[in-house]
Amino acid sequence: MWSFFHKLGSPPWLYRIAGVLLRWLLPVSLLALGTGLIWGLLFTAPDFRQGNSYRIIYIHVPAAVVALAGYYVMALAGAVSLIWKMKVADIAMKATAPVGAALTFIALVTGSIWGKPTWGTWWVWDARITSMLILLFLYLGVIALYEAYDNKAAAGRACAVLSLVGTVNIPIIYKSVDWWYSLHQPASIKFTGESTIDPTMLYPLLLSIIAFYGVFTCALLGNMRAEILARETRTGWVRRLAGGEV
Amino acid sequence: MYFDSFKAMLVMDGHGAYVWAAYGLTLLVLSLVLAAPGRRRRRLLRELRGELRRQARHGTKEAAYASGS
């Protein structure tokens, strides 16, 4: 167990393991994504009230779910890097921010496109949508804050604090559809009790959510690999890597 | 397949433009996100390789490796 933590602190080991993981996780995730999306897009019946526009659910919900989960990863990595000064945690935190921002952006834009035929408007200042917009700004804030510092250790600490403070927003996002009942519909998938979504629609949605988790993990691992290289350019193993590749 | 024809699939009873735009944009953003780290990694390695080659031309190859280890 301890040797695992010891290895986790070793950049060359992490770089190599992340590369091995990516080699099988990326094709599996893309296959799951393709299957889930085509299934939902072409092989399910339309919603009896919303018609075909509901098919956006197969990208909107997974993107939103994983954007939120990504924030946990970022805040947790931030906490670990603050408390134990683990370099890997700082790298993970920085690597998560752009992926989370992209997923939040997808959730917002697809929601907006879905809103037009369903609610008759592209945008409302509804609690769920507004708190998701704040999530996007938190992700972008971490990216901008990191770039703003020349001292990367100070940048890491500032970003960790920002991401930890931002976790206040997470329960607000979850509860927003119950606390403020507005245009946005409440969750249809429940861990406790019966889901209010038909199984024929639930399965492709679940597959798509799993696929989005996979894509998120792949992008995260890839970003971490690139970040490790960028920070270790002065070391022997990176120089041998650069000399060896081509 | 739910749709009877290719045209029905594209039109989706009038919702086609919204649905296809949402899917197209999502796939675009996801592919950018997935491609970005590999591009950055290859660029870093390429730059470093160039630097190493310049150092090697000036006969300081040993020094370059030694400084890194």
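Both backbone and side-chain heavy atoms feed into the values below; hydrogens, waters and symmetry mates do not. Each chain gets a letter, A, B and so on, in the order its sequence line appears, and its residues count up from 1. This is a predicted model, so every value here is computed, not measured.
For A:Glu232, no part sits under 4.5 Å from any heavy atom of chain B, backbone or side chain. For B:Leu27, the part lying near chain A is the side chain, with the backbone staying farther off; criterion is any non-hydrogen pair under 4.5 Å.
For A:Tyr54, the side-chain hydrogen bond (donor to acceptor under 3.5 Å, both in side chains) partners two or more places apart in sequence, or in a different chain, are A:Thr44, A:Tyr58.
Comparing A:Gly222, A:Ser53, A:Ala102, A:Ala219 by how many heavy-atom pairs each has under 4.5 Å with chain B, the most go to A:Ser53. The most heavy-atom pairs under 4.5 Å with chain B, out of A:Leu26, A:Leu33, A:Asn52, come from A:Asn52. Contacts with chain B were tallied for A:Leu221, A:Leu103, A:Ile56; A:Ile56 has the most, counting heavy-atom pairs under 4.5 Å. Interface summary for chain B: among A:Cys218, A:Gly51, A:Ala230, the most heavy-atom pairs under 4.5 angstrom belong to A:Ala230. Here A:Ile59 is the residue among A:Ile59, A:Leu30, A:Ile38, A:Ile106 with the most heavy-atom pairs under 4.5 Å with chain B.
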Applying side chain to side chain donor-acceptor pair (under 3.5 Å), run through B:Tyr18 and A:Arg55 and close with a yes or a no. CA-CA 10 Å; B:Tyr18 300 107; A:Arg55 293 181 196 280; over 6 Å; no
Side chain to side chain contact (heavy atoms under 4.5 Å, CB included), that's the test. Do A:Thr110 and B:Leu25 meet it? Break it down for me. CA-CA 8 Å; A:Thr110 55; B:Leu25 192 95; 5.6 Å; no
Please step through side chain to side chain contact (heavy atoms under 4.5 Å, CB included) for the pair B:Thr26 and A:Val109, ending with a clear verdict. CA-CA 9 Å; B:Thr26 300; A:Val109 174; over 6 Å; no
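Salt bridge A:Arg239/B:Glu51: present, at least one basic N to carboxylate O contact under 4.0 Å.
From B:Arg41, atom CZ reaches atom OH of A:Tyr15 across 4.0 Å, with rounding to the nearest 0.5 Å. If you take NE2 on B:His15 and OG1 on A:Thr118, they are separated by 6.5 Å, rounding to the nearest 0.5 Å. Separating the CZ atom in B:Arg40 from the CG atom in A:Asn223 is a distance of 7.5 Å, to the nearest 0.5 Å. Atom OG of A:Ser29 sits about 8.5 Å away from atom CG of B:Leu34, to the nearest 0.5 Å.
Contacts of residues 210-217 of chain A with chain B at a heavy-atom distance below 4.5 Å involve A:Phe212, A:Val215, listed in sequence order.
The two residues B:Leu48 and A:Ala242 have their closest heavy-atom pair at CD2-CB, 3.7 Å.
Open room surrounds OH on A:Tyr203; 12 or fewer heavy atoms of other groups in view lie less than 6.0 Å from it.
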